[in-house]
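See below for the structure under consideration.
Source: prediction; values computed, not measured. Numbers here simply count residues along the sequence, with the first being 1.
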Amino acid sequence: MNNRLYGNLIFELSKSGRKGYSLPQNPYHYATSDLPATLLRQQEAELPECDELTVVRHYTNLSHNNFGVNDGFYPLGSCTMKYNPIINEEIAAMKMFAGLHPLQPVETCQHALELYFRLQESLAELTGLSEFTLNPCAGAHGELTGLMVIRAYHESRGDHQRTKVLIPDSAHGTNPASAAVCGLEVVEVKSLPNGQVDFDDLQRLCSVCGDSIAAMMMTNPNTLGIFEHAIPEITALVHDCGALMYYDGANLNPMLGACRPGDMGFDVMHINLHKTFSTPHGGGGPGSGPVGVRAGLEPFLPTPRVMMADDGSFAVVPSPDGEQSDSSLGSIGAFFGNFGVMVKAYTYILSLGRENIKMVGPLATLNANYIKESLKDVYELPIEGLCKHEFVFDGLKDKSTGVTTMDVAKRLLDYGYHAPTIYFPLLFHESLMIEPTENESKETLDGFIDVMRKIAEEAKTDPELVKTAPHTTPIGRVDDVLAAKHPITTYKQMKNEQ
């Protein structure tokens with residue numbers, strides 16, 4: 001392979017005077033005006049000069065280094081990286097959706113508003129809640145919005161002292177972060193050795209904090225992939241304090257077709273459409289974090305909202321020039337969120353239908369337990385028993401080899417698998433968190449199991465091979481600490497440090 005074309009930065013392929021474009025003269029030159037001198041750069045932009053073929057080859061070959069669900073098995077625990085069917089992309093790319101503008105008259109986009117409304121209805125049915133807003137642009141954005149709904153609800157009743165949020169120590173990191181951004185105080189709830197919420201500790205906290213509790217945030221199944229069997233008692237206890245229950249929808253996937261958060265007693269929740277409902281995510285987007293509420297909390301949802309009129313048409317409420325209601329949060333972002341993600345999610349729901357969507361949760365649970373039971377003799381399983389969609393190993397069972405979870409993750413790359421989530425949750429020192437999703441076949445799972453067992457054997461017979469992995473990737477083992485503390489972010493910086 002020619003390293004000049006494939007292994008270097010685009011700046012290193014630059015040749016002075018070389019161009020990859022030819023633009024026509026501006027036909028509207030007579031209408032242009034000079035920019036103020038304060039807006040003009042004092043020197044030419046330092047851009048690479050390359051011909052088109054070099055640019056195309058360079059970025060095409062870089063793209064081959066990406067890894068996604070379309071390339072191979074991606075068992076990223078806590079993130080539900082499931083396959084995004086091609087039909088999702090085809091429908092979202094249709095001109096009737098892709099060509100819309102958010103400011104065009106509602107009369108001209110009734111089809112899009114209907115999709116938005118029907119998706120709201122579908123999510124409400126699937127979760128057992130009353131109404132949804134699709135406006136939040138990501139899961140964490142949905143968390144913040146849901147907590148804002150809860151805070152607005154308490155303040156509408158004069159409960160201004162409710163400023164504390166109970167959060168289990170096994171929760172996703174965004175839970176306490178969202179609460180803090182919302183101006184609420186985080187109170188940690190301990191977990192039992194089996195990974196479930198310590199109900200005695202929760203009782204103590206409810207007794208101590210009392211009417212200062214605004215809500216409890218939970219993921220069920222929790223971050224360890226374990227279903228919280230005491231959820232009826234937990235929700236009853238929190239409700240008795242006058243607080244609300246918030247459901248973090250990051251782990252909703254194994255619940256589809258099995259049970260609904262609303263039936264468990266949750267009052268507010270967000271859904272990661274880009275996880276549970278198959279739309280692609282990663283690298284910062286695109287995402288969508290719809291928020292649902294139980295009956296009685298609908299007035300606190302943000303605006304604008306899509307509503308169906310008596311004549312069957314769809315309207316935006318309030319209209320752009322209309323007044324906000326006293327209860328609503330108002331706008332939480334531009335327009336209606338990431339609409340393309342909603343199109344893909346609704347396509348996914350319609351493709352599966354009422355019957356087949358009930359299979360999602362059970363199949364995800366089956367796949368996770370199959371891997372867990374097949375590997376627990378060589379990888380340490382800190383919590384025995386049935387898991388749901390994901391589970392956590394605490395590194396290799398044989399600790400004498402000195403091979404760490406990081407080493408196992410790096411070695412997996414040599415075998416063509418993306419590594420699972422590692423060192424999370426923080427409850428275990430060598431966490432290895434695996435989530436296969438419902439999409440993967442038994443053959444794929446068996447291949448992954450075989451490789452994981454082979455790495456466990458390599459750790460005993462040739463530990464240095466595992467500790468120095470990966471060996472077949474374009475870049476070998478890097479210094480993660482150095483890269484995090486002293487990142488090289490520009491080509492100029494790289495030249496100066498050479």
Side-chain angles (χ1 to χ4, degrees), residues 61-86 139 172 223-225 250-251 253-254 272 274-276 278-287 363-364 367-372 374-375 378-379 387 389-396 403-425 428 430-456 458-459 465-478 480 483-484:
N61 281 280
L62 282 182
S63 73
H64 293 165
N65 292 331
N66 291 336
F67 191 98
V69 178
N70 287 12
D71 298 290
F73 189 35
Y74 205 130
L76 199 65
S78 193
C79 216
T80 313
M81 297 289 285
K82 68 168 65 174
Y83 173 63
N84 172 52
I86 299 300
H172 293 115
T223 309
L224 298 170
N251 292 352
N253 203 54
N272 297 73
H274 52 285
K275 292 183 181 182
T276 310
S278 85
T279 71
H281 68 292
L363 287 176
N367 282 353
N369 280 278
Y370 179 64
I371 295 178
K372 172 175 65 69
S374 300
L375 291 175
V378 289
Y379 290 86
C387 69
H389 62 307
E390 63 190 4
F391 61 92
V392 181
F393 285 132
D394 191 7
L396 285 162
V403 172
T404 66
T405 283
M406 175 69 80
D407 299 330
V408 173
K410 296 292 188 182
R411 184 62 174 148
L412 272 170
L413 303 180
D414 286 330
Y415 288 103
Y417 292 97
H418 194 285
T421 298
I422 62 173
Y423 298 118
F424 179 81
F428 309 115
E430 291 289 331
S431 290
L432 187 72
M433 191 180 196
I434 299 172
E435 179 180 357
T437 79
E438 73 283 358
N439 295 133
E440 304 297 345
S441 67
K442 184 177 181 297
E443 290 75 18
T444 297
L445 301 184
D446 285 338
F448 176 73
I449 291 166
D450 289 343
V451 165
M452 288 289 284
R453 297 188 70 86
K454 185 173 183 178
I455 294 173
E458 289 174 343
L465 176 68
V466 185
K467 291 179 180 180
T468 55
H471 304 284
T472 62
T473 54
I475 297 176
R477 183 73 69 104
V478 298
D480 295 323

### Message
Ring-plane angle category for H418 and Y74, please: parallel below 30°, perpendicular beyond 60°, tilted otherwise.
### Response
parallel
### Task
Considering non-hydrogen atoms only, spot the tightest contact between S431 and D394 and give its length.
N-OD1, 4.0 Å
### Message
Quick check for you: to the nearest 0.5 Å, what is the distance between L396 atom CG and L432 atom CG?
### Response
8.5 Å
### Query
Once you round to the nearest 0.5 Å, how far does CZ of F391 lie from CG of N369?
8.5 Å
### Message
Are L375 and R453 packed together at the side-chain level, in the sense that at least one heavy-atom pair is separated by less than 4.5 angstrom?
### Response
yes
### Message
Would you say S63 and N66 are linked by a side-chain donor-acceptor pair, where the criterion is simply a distance under 3.5 Å?
### Response
no
#### Entry: pair M433-P425: side-chain heavy atoms closer than 4.5 Å
yes
#### Entry: I434 CD1 to F73 CZ distance, which is reported to the nearest 0.5 Å
7.5 Å
### Message
I'd like to check the salt bridge (Lys or Arg N to Asp or Glu O under 4.0 Å) partners of K275; sequence neighbours left out, ordered by chain and number.
### Response
none
### Query
Within the distance-only criterion (no hydrogens, no angle test), does the side chain of N367 pair as donor or acceptor with the backbone N or O of E440 below 3.5 angstrom?
yes
### Query
Atom CZ in F424, atom OG1 in T223: separation rounded to 0.5 Å?
5.0 Å
### Query
Would you say the side-chain atoms of N251 pair up with the backbone N or O of S78, donor to acceptor, closer than 3.5 Å?
no
## Note on the structure
Closest heavy-atom pair, A409 versus I422, reported as atoms and distance to 0.1 Å, is CB-CG2, 3.9 Å
### Query
When you look at E438 and N253, which way does the side-chain contact (heavy atoms from CB on, under 4.5 Å) test go after all the steps?
CA-CA 9 Å; E438 73 283 358; N253 203 54; 2.9 Å; yes
### Query
Is there a side chain to side chain donor-acceptor pair (under 3.5 Å) between T80 and E435 once you walk through the steps?
CA-CA 7 Å; T80 313; E435 179 180 357; 2.7 Å; yes
### Task
Provide the closest heavy-atom pair for Y423 versus M406 in the form atom of the first, atom of the second, distance.
OH-N, 3.2 Å
### Query
What closest approach, in Å, do R411 and L465 show between heavy atoms, and which atom pair accounts for it?
NH2-CD2, 3.5 Å
### Query
Could you state the interatomic distance from CG (N272) to SG (C79), rounded to the nearest 0.5 Å?
8.0 Å
### Message
When you compare the side chain of Y415 with that of I455, does any pair of heavy atoms fall below 4.5 Å?
### Response
yes
### Distance in Å, I371 CD1 paired with E390 CD, rounded so as to fall on 0.5 Å steps
12.0 Å
### Query
Where do P420 and L76 come nearest, in terms of heavy atoms and distance?
C-CD1, 4.0 Å
### Query
Are the side chain of Y379 and the backbone of M452 linked by a donor-acceptor contact shorter than 3.5 Å?
yes
### Message
Quick check against the 3.5 Å criterion: does R477 have a side-chain atom that pairs as donor or acceptor with the backbone of K467?
### Response
yes
### Query
Looking only at atom types and distance, does a side-chain atom of D414 sit under 3.5 Å from a main-chain N or O of P470, one as donor and one as acceptor?
no
#### Entry: Heavy-atom side-chain proximity of I449 to Y370 below 4.5 angstrom
yes
### Sidechain-backbone polar pair: K82 side chain, T276 backbone, donor-acceptor under 3.5 Å
yes
### Query
What pair of heavy atoms forms the shortest contact from Y417 to T444, and how long is it?
OH-O, 4.4 Å
